[in-house]
Novice: 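Provided herewith is a single structure, encoded as structure tokens, for subsequent inquiry.
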Amino acid sequence: MADNGNGEEAVFANGKGGKKVLAKITTSENRHECPETTQATVKAQTIDELHSLQKKKSAPTTPIKGIQGGFASISDAEREKLQLQSISASLASLTRETGPKVVRGDPANKKAEATPKIHHHHHVDAPTISVSDSSLKFTHVLYNLSPAELYEQAIKYEKGSFITSTGALATLSGAKTGRSPRDKRVVKDDTTKDELWWGKGSPNIEMDEHTFLVNRERAVDYLNSLDKVFVNDQFLNWDPENRIKVRIVSARAYHSLFMHNMCIRPTLEDLENFGTPDFTIYNAGMFPCNRFTHYMTSSTSIDLNLARREMVILGTQYAGEMKKGLFSVMHYLMPKRQILSLHSGCNMGKDGDVALFFGLSGTGKTTLSTDPNRYLIGDDEHCWTGTGVSNIEGGCYAKCIDLSREKEPDIWNAIKFGAVLENVVFDEHTREVDYLDKSVTENTRASYPIEYIPNAKIPCVGPHPRNVILLACDAFGVLPPVSKLSLAQTMYHFISGYTALVAGTEEGVKEPRATFSACFGAAFIMMHPTKYAAMLAEKMQKHGATGWLVNTGWSGGSYGSGSRIKLPYTRKIIDAIHSGSLLNAEYKKTEVFGLEIPTHVEGLPSEILDPVNTWLDKKAYKGTLLKLAGLFNNNFETFTDHKIGEDNKLTEEILKAGPIF
Ligand SMILES: Nc1ncnc2c1ncn2[C@@H]1O[C@H](COP(=O)(O)OP(=O)(O)OP(=O)(O)O)[C@@H](O)[C@H]1O
Ligand SMILES: O=C([O-])CC(=O)C(=O)O
Ligand SMILES: [Ca+2]
Ligand SMILES: [Mn+2]
């Protein structure tokens with residue numbers, strides 16, 4: 001209600017679609033009848049005082065248990081000072097004065113500005129003199145803000161931020177609506193030159209240390225030139241023994257909220273003991289790299305320096321770069337500890353049976369691991385240790401093109417307050433999202449904390465997997481809906497990492513394009529694929545896990561003539577794998593790929609289990625099958641001189657597990 005200053009309260013209905021309501025008029029006569037003193041009044045003399053009543057101080061941080069050493073006894077003020085010093089050190093230029101003057105809080109909040117707690121030039125041994133104007137300005141740090149605070153920041157300052165009808169934050173990621181793998185660079189130094197996978201097929205495109213520092217400085221200078229930066233201190237990996245501390249410095253509330261959702265959220269106590277991060281991301285977002293800089297082939301650069309434990313992002317605001325950049329880091333750190341990192345979803349049944357879901361982007365990891373009948377451990381990134389599995393992340397990242405409440409209720413319901421919705425289109429008035437609309441991109445996404453899924457398993461860990469499900473969205477329509485794999489076949493398909501999607505679904509019928517991405521995530525692995533494959537084989541063998549190949553793609557013909565396998569059918573197949581009923585079903589072997597296919601799956605028309613039955617044109621089927629087999633063979637050629645594990649026997653078996661024709 002608006003008070004028009006004459007004691008009249010004008011009441012207007014929402015103009016759009018709503019009914020007009022007459023203005024309610026309070027006259028001064030009425031006021032005499034209801035003197036203010038008889039009504040409840042606020043305990044404030046001024047508007048400012050009233051506003052100061054609205055917000056109360058957050059609960060004090062919990063004291064540190066088991067007092068050891070001096071750190072436990074420090075005051076809150078001292079702790080905050082140390083925190084700011086650590087952030088100032090993160091933001092320091094490497095060539096000029098040390099850390100910038102960082103001050104906590106929103107620059108729009110004048111009170112904070114009046115008495116800034118300045119923490120700069122913290123390298124006590126070498127007092128430095130300000131030699132640049134940049135060192136004279138403050139950088140405000142918005143540190144681990146809550147989702148509500150980040151919403152306010154986004155809506156106030158970031159164009160394209162809106163609250164949807166279900167309370168999610170709709171954002172735009174700018175010109176990039178997907179990752180830019182060709183702009184990823186990894187520093188090649190004396191250590192990484194031998195440790196990492198370089199050359200043909202590898203995702204690691206080299207850069208030198210100096211060029212990394214040039215880009216780092218560019219990002220840091222950009223971030224410091226802003227009035228404020230967002231800093232997230234969070235964790236990766238639910239396995240407490242292998243938890244990694246990460247710091248993300250970014251320019252946008254959208255990025256901060258995205259990482260708040262995707263990484264593991266620290267408790268207040270965790271934060272008190274956070275100390276120095278193990279890994280830091282400098283995300284300069286829209287600020288481009290300099291194309292005159294060596295190695296730069298576009299205005300976007302995503303640079304990883306393992307020795308410095310840092311990543312720099314320039315010229316892209318797509319938030320997935322941060323998520324998957326950290327995943328790359330885990331693909332380096334974990335195998336060094338004999339832990340296998342996996343681009344897979346993971347869930348667990350009531351009896352503790354764990355399943356992994358591997359697959360390239362869009363094949364169904366999130367959709368199929370989010371299962372109302374099972375506990376969700378995670379949807380995209382996991383570790384397999386000597387004791388079981390752990391999720392690396394604290395949230396999920398679902399594709400939401402064509403999302404429906406009926407087919408994916410848990411994901412639908414997770415898109416509420418706190419969730420970030422990227423690049424979706426919504427009604428300008430009701431703010432209802434139209435999930436069918438691809439106007440901005442087909443890669444629309446929702447990011448939400450894992451606990452938004454009702455049956456999430458918290459902490460996100462589980463015992464050793466019983467089933468390893470390889471998902472392929474085969475737009476050629478020749479792979480069976482489900483096949484049971486031998487260990488050698490599982491390895492063959494894991495190393496191949498096949499899927500085939502259709503590039504542009506709008507401009508008429510297009511040929512499906514086969515993609516082979518080793519370990520179902522070649523863009524994220526750091527070492528040679530056979531290293532991960534050998535670890536997977538060893539673990540599957542040791543724990544007696546069964547491999548499966550599930551086609552979540554086409555049936556009854558290739559893209560254009562056939563259709564995508566119905567999600568309820570795929571769910572029935574997955575149910576039969578989980579329950580164990582499919583393990584002991586009757587099987588027959590397919591030609592060419594030599595896949596074992598069941599003759600019956602509960603709840604499915606049996607004729608669709610062998611794809612040849614679903615194609616009207618049998619000759620076309622055979623031709624397409626042979627074409628795909630040829631693509632598999634060509635792709636596998638690069639792996640034929642590599643040994644997988646210690647055992648030559650397995651290597652030979654894997655080579656024989658491909659298509660034969
Ligand atoms: N039969 C099916 N099985 C699985 N998913 C299907 C099927 N039919 C259609 N889909 C759709 O395919 C998409 C699968 O996307 P999903 O988010 O699960 O991919 P993802 O494997 O998690 O990829 P990313 O690693 O990129 O997150 C969803 O939009 C889902 O609705
Ligand atoms: O990284 C992304 O943008 C989305 C994703 O999960 C993938 O591609 O595997
Ligand atoms: Ca996903
Ligand atoms: Mn993924």
Side-chain angles (χ1 to χ4, degrees), residues 171 173-184 203 236 254-255 258-259 261-263 281 283 300 302 304 311 313 316-331 341-347 356-371 376-383 391-403 407-408 410-412 414-415 419-424 435 440-450 452-453 456 460 469-473 497-499 501 515-525 552 567:
T171 64
S173 69
K176 303 272 177 173
T177 57
R179 281 179 290 102
S180 311
R182 266 164 292 163
D183 297 314
K184 187 172 161 194
L236 296 179
Y254 148 49
H255 289 154
F258 178 89
M259 292 311 268
N261 289 348
M262 297 312 301
C263 295
I281 297 181
N283 185 355
T300 301
I302 299 108
L304 184 55
M311 186 164 85
I313 300 175
T316 174
Q317 298 184 71
Y318 183 66
E321 297 289 4
M322 294 181 283
K323 164 189 161 69
K324 283 304 207 284
L326 291 176
F327 192 34
S328 298
V329 174
M330 293 300 277
H331 268 313
S341 44
L342 310 159
H343 186 211
S344 76
C346 181
N347 67 17
L356 294 176
F357 300 79
F358 288 96
L360 288 174
S361 187
T363 55
K365 291 184 299 301
T366 303
T367 298
L368 299 171
S369 56
T370 310
D371 180 335
L376 177 65
I377 292 178
D379 79 322
D380 199 56
E381 305 177 4
H382 290 84
C383 286
N391 187 356
I392 290 174
E393 302 180 289
C396 302
Y397 198 30
K399 267 188 166 300
C400 39
I401 201 70
D402 301 334
L403 183 70
K407 285 192 199 139
E408 300 186 62
D410 283 349
I411 295 175
W412 180 279
I415 304 178
V420 177
L421 267 176
E422 290 175 324
N423 302 318
V424 296
Y435 289 108
V440 180
T441 175
E442 191 165 332
N443 187 32
T444 54
R445 291 272 179 172
S447 133
Y448 46 86
I450 191 160
Y452 282 18
I453 299 298
C460 303
I469 303 169
L470 310 182
L471 305 170
C473 177
Y498 164 75
T499 201
L501 300 168
T515 309
F516 293 93
S517 177
C519 309
F520 291 103
F524 325 120
I525 60 179
T552 62
L567 181 53

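Whatever order the structure lists them in is the order used to number ligands and atoms, beginning at 1.
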Novice: Is the Mn ion (ligand 4) under 2.8 Å from any N, O or S atom of Glu381?
Specialist: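 Checking Glu381: none of its N, O or S atoms is under 2.8 Å.
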
Novice: Show me, by chain and number, every protein residue that has a heavy-atom distance under 4.0 Å to ligand 2.
Specialist: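 The 4.0 Å shell around ligand 2 contains Arg179, Tyr318, Lys323, Lys324, His343, Ser361, Asp380, Tyr397, Arg445, Phe524.
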
Novice: Identify, with sequence neighbours excluded, every residue that meets ring-ring contact (aromatic ring centres under 6.0 Å, His included) alongside Phe358.
Specialist: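 Checked Phe358 against ring-ring contact (aromatic ring centres under 6.0 Å, His included); matches are Phe494.
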
Novice: Nearest N/O/S atom of Asp380 with respect to the Mn ion (ligand 4), by atom name, please.
Specialist: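 Result: OD1.
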
Novice: So, does Lys323 use its side chain to make a donor-acceptor pair with the main chain of Glu393 at under 3.5 Å?
Specialist: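 Not a single qualifying donor-acceptor pair exists.
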
Novice: Main chain of Cys460, side chain of Asn391: is a donor-acceptor contact present, judged purely on distance under 3.5 Å?
Specialist: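 Not at all, since once roles are kept as given, no pair shorter than 3.5 Å links the two residues.
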
Novice: I need the single residue from Val424, Leu403, Val420 that forms a side chain to side chain contact (heavy atoms under 4.5 Å, CB included) with Ile415. Which is it?
Specialist: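 Considering Val424, Leu403, Val420, a side chain to side chain contact (heavy atoms under 4.5 Å, CB included) with Ile415 is found only for Leu403.
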
Novice: Quick one about Tyr318 and Glu422 (side-chain donor to acceptor, distance below 3.5 Å, no hydrogens or angles considered), yes or no?
Specialist: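 No, no side-chain donor-acceptor pair sits under 3.5 Å.
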
Novice: Do Thr367 and Glu408 pass the side-chain hydrogen bond (donor to acceptor under 3.5 Å, both in side chains) test, and can you show the C-alpha distance, the side-chain angles, and the key distance before you say yes or no?
Specialist: CA-CA 7 Å; Thr367 298; Glu408 300 186 62; 3.0 Å; yes

Novice: What verdict does the side-chain contact (heavy atoms from CB on, under 4.5 Å) test give for Met330 and Glu381, after you've listed the backbone C-alpha separation in whole Å, the side-chain angles of each residue and the deciding distance to 0.1 Å?
Specialist: CA-CA 9 Å; Met330 293 300 277; Glu381 305 177 4; 5.8 Å; no

Novice: Tell me if a side-chain donor or acceptor on Thr499 pairs with a main-chain N or O of Thr515 at a distance below 3.5 Å.
Specialist: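 No: the side chain of Thr499 does not pair with the backbone of Thr515.
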
Novice: When you measure from the side chain of Thr444 to the backbone of Ile401, do you find a donor-acceptor pair of N or O atoms at a distance under 3.5 Å?
Specialist: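 Yes: the side chain of Thr444 pairs with the backbone of Ile401.
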
Novice: Whether Lys324 engages the ring of Phe524 as a cation-pi pair (distance to the six-membered ring centre under 6.0 angstrom, angle to the ring normal within 45°) should be assessed.
Specialist: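 Yes, cation above the ring, under 6.0 Å and within 45°.
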
Novice: So, using side-chain contact (heavy atoms from CB on, under 4.5 Å) as the criterion, who are the partners of Pro203 when residues are at least two apart?
Specialist: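 With neighbours one apart ignored, the set is Trp197.
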
Novice: Work out how many protein N, O or S atoms lie closer to the Ca ion (ligand 3) than 3.0 Å.
Specialist: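 Those protein atoms number 2 in total.
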
Novice: Measuring to the Mn ion (ligand 4), does Lys324 have an N/O/S atom at a distance below 2.8 Å?
Specialist: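 Yes, since at least one N, O or S atom of Lys324 sits under 2.8 Å from the Mn ion (ligand 4).
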
